[in-house]
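It should be emphasised that the depicted structure is a prediction, and the values quoted were computed from it without experimental measurement.
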Amino acid sequence: LTGSSVASGGYILQTAINTGEAQLSGVDVQAAYTFNLGDSGHSLLATLNGAWLEEAIATPAPGLSYDCTGLFGTICQTVNPTWRHNLRLTWVSPWEVDVSLQWRHIGGTKLDQNDSDPDLQFALWGEFDEFNAELPDMDYLDLSAIWEINDKFTLRAGATNVLDKDP
């Protein structure tokens, strides 16, 4: 096993065989419920798709493992929030028009190089990075509408991130 530093601050582990491994565990949640809004044919449909991440274990080489749950950065490579979801409310009208509001939530994460796990510190990262220390919880709202004009034509319109929140 040899390690070489990369000019961009990354790290490469070189082995003669492919021994890398990733293990994820957690709970995925899906739920849907329809609320009837009286005899007029109106209803409100609520759907939830969520994921709770218990562990995100990365093993890039034998004897080197670390948990990236709640972390992001060069070592963990992806953003791994412990909770994320999409919650959609859809008003189903009797006029063949459905209007939806969706709330997308991505839980906050912390920079992997600042974590106290010594296995995450296998590369010489230097000092604590205060500027990039964490990504806060992010919430986005999306609007969409679908109109079934007739059997052959459907009109769809939507706006993603209607509050124009920066990622």
Side-chain angles (χ1 to χ4, degrees), residues 10 18-61 64-117 119-120 129-167:
N18 184 2
T19 58
E21 180 181 338
Q23 294 178 349
L24 296 174
S25 65
V27 176
D28 292 334
V29 177
Q30 281 190 324
Y33 190 80
T34 301
F35 303 90
N36 290 322
L37 301 176
D39 295 333
S40 62
H42 299 275
S43 62
L44 187 64
L45 173 63
T47 57
L48 171 71
N49 290 302
W52 172 68
L53 182 61
E54 179 183 23
E55 285 185 326
I57 305 296
T59 307
L64 179 61
S65 290
Y66 41 86
D67 187 357
C68 288
T69 305
L71 301 175
F72 76 96
T74 305
I75 300 171
C76 291
Q77 297 180 2
T78 60
V79 179
N80 300 291
T82 54
W83 176 254
R84 66 185 322 147
H85 72 256
N86 291 339
L87 175 64
R88 178 184 292 266
L89 296 175
T90 302
W91 176 58
V92 181
S93 78
W95 307 290
E96 306 298 328
V97 175
D98 298 347
V99 179
S100 295
L101 173 68
Q102 178 173 251
W103 168 30
R104 293 180 288 139
H105 173 79
I106 303 168
T109 54
K110 297 182 190 255
L111 184 61
D112 54 13
Q113 81 179 49
N114 292 347
D115 195 78
S116 61
D117 182 350
D119 289 332
L120 281 169
D129 187 342
E130 181 69 34
F131 182 74
N132 295 312
E134 72 177 286
L135 296 174
D137 287 357
M138 294 302 292
D139 297 289
Y140 302 99
L141 293 177
D142 306 327
L143 285 173
S144 62
I146 299 173
W147 176 30
E148 287 192 31
I149 299 169
N150 56 39
D151 290 343
K152 295 182 180 183
F153 295 101
T154 301
L155 180 63
R156 298 173 187 262
T160 304
N161 191 13
V162 294
L163 299 179
D164 197 26
K165 190 168 185 179
D166 289 335

Legend entry - Side-chain (Asp28) to main-chain (Ala51) donor-acceptor, under 3.5 angstrom: no
Legend entry - Distance, nearest 0.5 Å, that separates CG of Leu24 from CD of Glu55: 9.5 Å
Legend entry - Pairwise side-chain contact, Leu71 with Asp115, heavy-atom cut-off 4.5 Å (strictly under): yes
Indicate every side-chain donor-acceptor pair of residues 135-144 with a distance under 3.5 Å to a residue at least two apart or in another chain.
unit_1 : atom_1 : unit_2 : atom_2 : d
Asp137 : OD1    : Gly108 : N      : 2.6
Asp139 : OD1    : Trp103 : NE1    : 2.8
Asp139 : OD1    : His105 : ND1    : 2.6
Asp142 : OD1    : Arg104 : NH2    : 3.1
Asp142 : OD1    : Asn161 : N      : 2.7
Asp142 : OD2    : Gln102 : NE2    : 3.2
Asp142 : OD2    : Arg104 : NE     : 2.7
Ser144 : OG     : Arg88  : NH1    : 3.4

Legend entry - side-chain hydrogen bond (donor to acceptor under 3.5 Å, both in side chains) involving Thr82 - partner list, sequence neighbours excluded: none
Inset, instruction - Rounded to the nearest 0.5 Å, what's the gap from CD1 on Ile57 to OH on Tyr66? Could you check? - result: 10.5 Å
Inset, instruction - Output, in order, the C-alpha distance, side-chain angles, deciding distance and verdict of side-chain contact (heavy atoms from CB on, under 4.5 Å) for Asp98 and Thr90. - result: CA-CA 6 Å; Asp98 298 347; Thr90 302; 4.0 Å; yes
Inset, instruction - Give the intermediate values and the outcome of side-chain contact (heavy atoms from CB on, under 4.5 Å) for residues Thr34 and Leu44. - result: CA-CA 6 Å; Thr34 301; Leu44 187 64; over 6 Å; no
Inset, instruction - Please round to the nearest 0.5 Å and tell me the distance separating atom OG1 of Thr59 and atom CG of Leu64. - result: 7.5 Å
Legend entry - Between OG1 on residue Thr154 and CD on residue Glu96, distance to nearest 0.5 Å: 9.5 Å
Inset, instruction - Please confirm whether His85 and Trp52 have ring centers closer than 6.0 angstrom. - result: no
Legend entry - Value rounded to 0.5 Å, distance of OG in Ser100 from CD1 in Ile146: 6.5 Å
Inset, instruction - For residues Ser93 and Val97, report the shortest heavy-atom separation together with the two atoms involved. - result: OG-O, 2.7 Å
Inset, instruction - Please check if the side chain of Asn150 supplies one atom and the backbone of Lys152 the other of a donor-acceptor pair under 3.5 Å. - result: yes
Legend entry - Sidechain-backbone polar pair: Asn80 side chain, Thr78 backbone, donor-acceptor under 3.5 Å: yes
Legend entry - Inter-residue atom distance Tyr33.OH - Thr47.OG1, 0.5 Å rounding: 14.5 Å
Inset, instruction - Please state whether the rings of Trp91 and His42 are parallel, tilted or perpendicular, taking 30° and 60° as the class boundaries. - result: parallel
Inset, instruction - Would you confirm whether Asn49, through its side chain, and Asn86, through its main-chain N or O, come within 3.5 Å as a donor-acceptor pair? - result: no
Inset, instruction - Looking only at non-hydrogen atoms, find the nearest pair between Asn36 and Ser43 and report the distance. - result: OD1-CB, 4.1 Å
Inset, instruction - For Val79 and Arg84, work out which heavy atoms get closest and say how close. - result: O-NH1, 4.4 Å
Inset, instruction - Please lay out, stage by stage, how Phe72 and Leu111 fare under the test side-chain contact (heavy atoms from CB on, under 4.5 Å). - result: CA-CA 5 Å; Phe72 76 96; Leu111 184 61; 3.8 Å; yes
Inset, instruction - Over all heavy atoms of both residues, which pair between Leu89 and Ala46 is shortest? Give the atoms and the distance, please. - result: CD2-CB, 3.6 Å
Legend entry - Closest non-hydrogen atom pair, Gly107 against Pro81: O-CB, 3.2 Å
